[in-house]
Amino acid sequence: MNREDAGWIAARAEDLLEACGRSGAPRFTAFLTEGECALARQTLERLQGTFDFWGGYPEAQRRIVCVHPPEYAPEYQAYPIACVHLTYRRADTLTHRDVLGALMHLQLRRDAIGDILPREGLTQVFVHKPVAQLVCEELHKIGRVGIRAELAPYTGGFVQEFEQIPGTVASLRLDAVVSLATRLSREKSALLIRSGQVTVGGLPVLTPSAEVGQDAVFSARGFGKFRLAQVSGTTKKGRLHITVEKYK
């Protein structure tokens with residue numbers, strides 16, 4: 001995320017807070033990325049706004065921000081989010097990329113699309129409510145896979161899968177943890193961090209010596225998204241045993 005994007009998110013959050021103050025009614029964004037949500041949170045906390053996030057289910061990565069009056073926090077059902085079920089033969093396979101490409105081909109904006117949760121025979125997609133009917137009416141095929149698209153409640157059943165990456169590090173410095181996660185050298189990991197390619201909690205961190213806390217979620221551009229899942233003691237030489245989990 002560049003400075004122009006960050007400035008836009010901050011300005012958008014301020015606009016929503018002002019609109020909410022004038023009308024006394026909740027105001028919503030479109031879907032935001034994790035980094036955009038973190039920036040919106042920073043701005044709204046600085047301005048002492050009251051707000052919440054929701055993406056259609058508790059573990060959502062792409063979420064909508066609701067700025068609301070202090071005395072009234074809307075229920076999650078009030079958020080402009082619809083769940084669309086894409087059903088197809090169990091013998092067929094659709095990936096996140098397949099479904100996202102098909103939705104973008106309908107000329108949808110990226111911020112109208114939330115999380116996409118594929119599994120055998122069913123992909124659940126969260127979309128901005130105003131475009132949900134369009135998706136149901138226009139999306140009949142993804143690649144060679146015939147599908148049926150219909151509005152339906154989220155059924156649950158999504159389980160985030162991880163690749164386990166155990167190892168030892170000299171410390172919980174960001175460059176050390178990124179080095180283990182990406183299998184880059186410490187020097188290359190530090191360069192990646194200084195160039196703004198690494199985020200922690202959705203926000204860029206430019207300091208290789210920054211400490212990473214247990215359960216921190218971080219991303220390295222081109223390498224994926226990770227979580228520091230466990231710090232489990234030290235070796236005889238004083239190195240730390242850690243486990244990093246890579247999101248699949």
Side-chain angles (χ1 to χ4, degrees), residues 1-84 96 100 103-104 106-117 124-136 138 151 153-154 193 195-207 210 213 215-219 221 225:
M1 183 185 302
N2 60 39
R3 291 182 180 179
E4 183 177 342
D5 293 334
W8 183 88
I9 292 297
R12 178 62 176 148
E14 291 187 33
D15 289 345
L16 287 176
L17 189 57
E18 290 178 5
C20 176
R22 288 194 304 269
S23 67
R27 291 290 182 266
F28 300 91
T29 65
F31 283 100
L32 302 181
T33 66
E34 290 178 291
E36 290 167 344
C37 285
L39 286 167
R41 178 184 293 277
Q42 282 187 342
T43 300
L44 292 167
E45 287 179 344
R46 174 173 56 83
L47 297 174
Q48 299 183 333
T50 49
F51 59 94
D52 201 358
F53 298 88
W54 183 242
Y57 69 113
E59 300 84 7
Q61 297 182 36
R62 297 179 65 86
R63 295 175 290 167
I64 282 177
V65 180
C66 171
V67 181
H68 59 82
E71 67 279 4
Y72 169 58
E75 299 291 332
Y76 288 144
Q77 291 87 343
Y79 281 62
I81 298 172
C83 182
V84 177
H96 182 286
L100 178 59
L103 293 170
M104 297 297 288
L106 296 179
Q107 305 301 312
L108 300 185
R109 289 170 55 96
R110 183 63 182 94
D111 61 7
I113 306 166
D115 282 10
I116 298 170
L117 308 177
Q124 298 181 85
V125 184
F126 296 95
V127 298
H128 203 215
K129 194 169 285 185
V131 306
Q133 198 59 44
L134 170 68
V135 173
C136 292
E138 299 295 331
L151 292 171
Y154 173 58
I193 294 163
S195 62
Q197 307 297 302
V198 175
T199 62
V200 180
L203 294 174
V205 176
L206 303 178
T207 307
D215 294 323
V217 175
F218 61 97
S219 297
R221 187 171 299 173
K225 180 179 175 181

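Worth saying up front: this structure is predicted, and the values here are computed from it rather than measured. The residues of the chain are indexed from 1 along the displayed sequence.
Here the closest non-hydrogen pair linking Leu44 and Val65 is CD1-CG1, 3.9 Å. Summarising the geometry of Ala40 relative to Leu32, their closest heavy-atom pair is CB-CD1, 4.4 Å, with the distance given to 0.1 Å. Annotation for Arg63 and Cys37: closest pair NH2-CB, 3.8 Å, computed over non-hydrogen atoms. Contact record, Gln133 with Leu151: OE1-CD1, 4.1 Å, taken as the closest heavy-atom pair. Considering every non-hydrogen atom in both Pro69 and Pro26, the closest pair reads CD-N, 4.1 Å. A pairwise comparison of heavy atoms in Thr50 and Pro70 identifies OG1-N, 3.5 Å as the closest pair.
Separation of atoms CG (Leu134) and CG (Leu108) is listed at 6.0 Å; rounding is to 0.5 Å. Atom CZ of Phe31 and atom CD1 of Ile64 lie 4.5 Å apart (nearest 0.5 Å). Here Thr29 contributes atom OG1 and Ile9 contributes atom CD1; the two are 8.0 Å apart, rounded to the nearest 0.5 Å. Between the CG atom of Leu100 and the CD1 atom of Ile116 there is a distance of 4.5 Å, given to the nearest 0.5 Å.
A donor-acceptor contact shorter than 3.5 Å links the side chain of Thr33 to the backbone of Glu36. Of the possible polar contacts, one joining the Gln197 side chain to the Ser195 backbone as a donor-acceptor pair under 3.5 Å is found. Here the side chain of Asp115 pairs a donor or acceptor atom with the backbone of Gln61 at under 3.5 angstrom.
Side chains of Ile113 and Met104 form a contact here, defined as non-hydrogen atoms less than 4.5 Å apart. No side-chain heavy atom of Glu14 sits less than 4.5 Å from a side-chain heavy atom of Leu17. You'll find the side chain of Arg62 reaches within 4.5 Å of the side chain of Arg110, heavy atoms only. At least one side-chain heavy atom of Leu39 sits under 4.5 Å from a side-chain heavy atom of Leu203.
Under the 30°/60° scheme for interplanar angles, the aromatic rings of Phe28 and Tyr79 are found to stand perpendicular.
A search for ring pair (Phe, Tyr, Trp, His ring centres under 6.0 Å) contacts involving Phe126 returns Tyr57, Tyr154, not counting sequence neighbours. Considering only residues two or more places apart in sequence or on other chains, Asp15 meets the salt bridge (Lys or Arg N to Asp or Glu O under 4.0 Å) condition with none of them.
Glu18 has no carboxylate O lying under 4.0 Å from a charged side-chain N of Arg27, or vice versa, which leaves the two without a salt bridge.
Within 6.0 Å of CD on Gln48 lie no more than 12 heavy atoms contributed by other residues, nucleotides or ligands. Applying the 6.0 Å contact sphere to CZ of Arg109 captures no more than 12 heavy atoms from other residues, nucleotides or ligands.
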